[in-house]
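Input: a single structure, listed below in structure tokens.
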Amino acid sequence: MTLAVRVPEELSARVPAEQRGPGLERDDVRLLVSRGTEVSHHGFRELPRLLRAGDLLVVNTSSTLAAAVDGRVGHARVVVHFSTRGDDGRWAVELREPDGRGTTRVRADSREGLGVRLPGGGRLVLERPLSPGAERLWWARVSGARVPALLREHGRPIRYSYTERDQPLSAYQTVFALPSEDGTGSAEMPSAARPFTARLVAELVSRGVQFAPVRLDTGGASAESHEPPYPERFSVPEASARLINAARAGDGRVLAVGTTAVRAVESAAGADGVVRARAGWTDLVVTPERGVRVVDGLLTGLHEPEASHLLMLEAVAGRAAIDRGYEAAVRGRYLWHEFGDVHLLMP
């Protein structure tokens with residue numbers, strides 16, 4: 001799915017909302033609401049008044065890693081983006097090179113056996129591409145260092161070229177983020193949840209809206225192409241499965257906060273639409289043909305017109321709603337990307 005709209009470059013959110021002016025907070029972003037092809041405009045703080053008692057928000061508790069680490073191949077500087085840890089201890093990584101502006105660009109010569117020197121005496125060796133025929137992400141083995149400690153000591157959040165400057169890791173954590181015992185997490189922030197604050201969560205709970213935590217560790221996306229997601233680790237706890245099934249059996253609506261939450265909960269749903277506790281890896285790609293079995297609505301950021309995530313949005317809301325919503329977002333000068341405004345797709 002590719003949208004016909006063109007997103008002007010100046011609509012990229014270059015800094016977090018709380019840095020755009022004095023007194024602003026994370027929830028000082030705009031909220032576009034699509035109900036079918038009807039569109040309305042709100043502030044994010046109005047969300048509690050747009051939901052009702054019995055609604056259930058499915059949220060991703062994965063924390064964001066400081067996943068970008070400087071290294072060297074010979075005398076050349078490289079930047080390693082650590083993406084996903086495999087069950088065998090290897091990591092899926094992307095090798096990139098500094099672009100002179102504080103961000104990175106594609107590096108062309110990734111190959112089997114290529115070694116990278118890491119800070120603190122560690123070494124990384126590329127073993128094989130993650131997927132046959134796709135050589136952006138590679139399985140790599142690290143020696144002389146533990147990756148979680150390496151990221152804590154020497155890593156920084158992955159940053160894209162539309163942003164203005166580096167941000168602290170705290171700027172990339174959502175209010176729902178919980179660190180894992182093994183030090184794994186998401187290479188990219190589950191950014192749909194970024195505008196939530198503790199105050200807003202408390203107001204939602206006071207109005208009878210419930211929360212179902214799930215986890216999906218997102219891998220590093222390509223800044224240059226819009227690939228479908230590859231297998232990612234997820235878990236849906238028993239308590240969350242019960243909450244989701246109870247909401248569906250009653251009058252509540254199941255609303256996912258972010259495409260990652262959709263992928264997790266739909267991966268745990270049977271053909272009958274019943275969600276069962278599950279943990280492991282998911283290669284599910286939600287498309288209009290596959291449809292959604294559980295999710296009634298979706299709160300998400302604004303995606304590039306070529307992004308593969310748009311197929312999931314179409315599965316939830318239909319093509320006409322996405323077209324109308326994105327046209328309204330461009331006309332209304334909404335801000336794109338992880339520090340930008342958000343879009344609520346309602347049934």
**Prompt:** What heavy-atom pair brings A317 and A321 nearest, and what distance separates the two atoms?
**Reply:** O-CB, 3.5 Å
**Side chains of Y326 and H343, donor plus acceptor under 3.5 Å** = no
**Prompt:** Atom NE2 of H81 and atom CG of L95: how far apart are they, to the nearest 0.5 Å?
**Reply:** 10.0 Å
**Request:** Write down the atom of T174, the atom of N60, and the distance for their closest heavy-atom approach.
**Result:** OG1-O, 4.4 Å
**Asked** When you measure from the side chain of T197 to the backbone N and O of D27, does any donor-acceptor pair fall under 3.5 Å?
**Response** no
**Asked** Is there side-chain contact between R233 and R215, with heavy atoms separated by less than 4.5 Å?
**Response** no
**Asked** Is there a path of hydrophobic side-chain contacts, each under 4.5 Å between heavy atoms of I, L, V, M, F, W or Y residues, that connects V116 with L137?
**Response** no
**Item:** Side chain D341, main chain L335, donor-acceptor under 3.5 Å
**Value:** yes
**Message:** Strictly below 4.0 Å, N to O, side chains only: are D70 and R156 in salt-bridge contact?
**Reply:** yes
**Message:** Could you check, using the six-membered ring where one of them is a Trp, whether H337 and Y160 have ring centers closer than 6.0 angstrom?
**Reply:** no
**Request:** Tell me whether L57 is reachable from V214 by hopping between hydrophobic residues (I, L, V, M, F, W, Y) whose side-chain heavy atoms are closer than 4.5 Å.
**Result:** no
**Prompt:** How far apart are the C-alpha atoms of V265 and V295, what are their side-chain angles, what is the distance that settles it, and do they pass the side chain to side chain contact (heavy atoms under 4.5 Å, CB included) test?
**Reply:** CA-CA 8 Å; V265 75; V295 172; 3.7 Å; yes
**Request:** May I ask you to decide if the ring planes of Y172 and F339 are parallel, tilted or perpendicular, using 30° and 60° as cut-offs?
**Result:** tilted
**Asked** Just by modelled atom types, is the T104 backbone N or O under 3.5 Å from a matching donor or acceptor in the R96 side chain?
**Response** yes
**Heavy-atom pair with the smallest gap, counting every atom of A261 and V257** = CB-O, 3.6 Å
**Request:** Would you give the length of the straight line joining atom CD of Q173 to atom OG1 of T64, rounded to the nearest 0.5 angstrom?
**Result:** 4.5 Å
**Prompt:** Yes or no on side chain to side chain contact (heavy atoms under 4.5 Å, CB included) for T163 and E338, after CA distance, side-chain angles and deciding distance?
**Reply:** CA-CA 10 Å; T163 56; E338 68 268 29; 4.1 Å; yes
**Prompt:** When S83 is tested against each of Y230, W138, W91 for side chain to side chain donor-acceptor pair (under 3.5 Å), which residue passes?
**Reply:** Y230
**Request:** Could you pull out the closest heavy-atom pair between L130 and A92, with the gap in Å?
**Result:** CD1-CB, 4.0 Å
**Prompt:** Tell me, do V5 and E327 make a side-chain contact under 4.5 Å, heavy atoms counted?
**Reply:** yes
**Asked** Is the side chain of D55 donor-acceptor paired with the backbone N or O of R52 at a distance under 3.5 Å, no angle test?
**Response** yes
**Prompt:** Any side-chain heavy-atom pair from H303 and T259 closer than 4.5 angstrom?
**Reply:** yes
**Request:** Using a strict 4.0 Å threshold on nitrogen-to-oxygen distance, state whether R107 and E94 make a salt bridge.
**Result:** no
**Prompt:** Only one of I158, T184, L124 forms a side-chain contact (heavy atoms from CB on, under 4.5 Å) with F82, so which one is it?
**Reply:** L124
**Item:** Contact check, side chains of T260 and S62, non-hydrogen atoms, under 4.5 Å
**Value:** no
**Request:** Report the distance from atom CG of L298 to atom NE2 of H309, rounding to the nearest 0.5 Å.
**Result:** 10.5 Å
**Message:** Distance alone, cut at 3.5 Å: any donor-acceptor contact between the side chains of Q19 and Q167?
**Reply:** yes
**Message:** Taking CZ in R165 as the centre, count heavy atoms belonging to other residues, nucleotides or ligands within less than 6.0 Å. Is the count above 12?
**Reply:** yes
**Message:** I need the E46 CD to H41 NE2 distance, nearest 0.5 Å.
**Reply:** 12.0 Å
**Prompt:** For atom CD of E9, is the number of surrounding heavy atoms from other residues, nucleotides or ligands below 6.0 Å larger than 12?
**Reply:** no
**Asked** Okay, side chain of S180, backbone of G185: is any donor-acceptor separation there less than 3.5 Å?
**Response** no
**Message:** Is any side-chain heavy atom of V147 closer than 4.5 Å to one of R85?
**Reply:** no
**Request:** Would you confirm whether R278, through its side chain, and S267, through its main-chain N or O, come within 3.5 Å as a donor-acceptor pair?
**Result:** yes
**Asked** Side chains of D87 and W281: do they bring a donor and an acceptor to under 3.5 Å?
**Response** yes
**Hphob cluster co-occupancy, L243 + L204, side-chain heavy atoms under 4.5 angstrom** = no
**Atom pair CG/CG of L114 and D109 - distance to nearest 0.5 Å** = 6.0 Å
**Message:** Do L47 and M346 sit in one hydrophobic cluster, given that two such residues count as connected whenever their side-chain heavy atoms are within less than 4.5 Å of each other, even indirectly?
**Reply:** yes
**Asked** Got a donor-acceptor contact below 3.5 angstrom from the E97 side chain to the R77 backbone?
**Response** no
**Item:** Any T282 side-chain heavy atom under 4.5 Å of L216 side chain
**Value:** yes
**Asked** Is there a donor-acceptor pair under 3.5 Å between the side chain of S235 and the backbone N or O of A279?
**Response** no
**Request:** Go through the steps for L56 and R248 under the test side chain to side chain contact (heavy atoms under 4.5 Å, CB included), then give the verdict.
**Result:** CA-CA 9 Å; L56 180 70; R248 296 186 72 243; over 6 Å; no
**Distance, nearest 0.5 Å, that separates CG of L344 from OG of S34** = 8.0 Å
**Asked** Hey, is the main chain of G332 close enough, under 3.5 Å, to the side chain of R30 for a donor-acceptor pair?
**Response** yes
**Message:** So, applying salt bridge (Lys or Arg N to Asp or Glu O under 4.0 Å) with E25, which one of R194, R199, R20 is it?
**Reply:** R199
**Request:** Answer whether the closest heavy-atom distance between the side chains of P16 and R26 falls below 4.5 Å.
**Result:** no
**Message:** A side-chain contact here means heavy atoms from C-beta on lying under 4.5 Å apart; do V342 and L299 qualify?
**Reply:** yes
**Distance-minimising heavy-atom pair for D182 and P148** = O-CG, 3.6 Å
**Message:** Would a single hydrophobic cluster contain both V236 and V58, if residues Ile, Leu, Val, Met, Phe, Trp and Tyr are joined by side-chain heavy-atom contacts under 4.5 Å?
**Reply:** yes
**Message:** If you apply the rule salt bridge (Lys or Arg N to Asp or Glu O under 4.0 Å), what do you find for D99 with R105, and how did you get there?
**Reply:** CA-CA 6 Å; D99 62 3; R105 59 186 170 226; over 6 Å; no
**Item:** Aromatic plane relationship, F211 with F196 - under 30° parallel, 30 to 60° tilted, over 60° perpendicular
**Value:** perpendicular
**Prompt:** Does CG in D251 sit with more than 12 non-hydrogen atoms of other residues, nucleotides or ligands closer than 6.0 Å?
**Reply:** no
**Message:** side chain to side chain contact (heavy atoms under 4.5 Å, CB included) for E18 and D28? Distances and angles first, verdict last.
**Reply:** CA-CA 7 Å; E18 60 272 24; D28 283 302; over 6 Å; no
**Minimum-distance pair of heavy atoms, taken over all atoms of P237 and A277** = C-CB, 4.0 Å
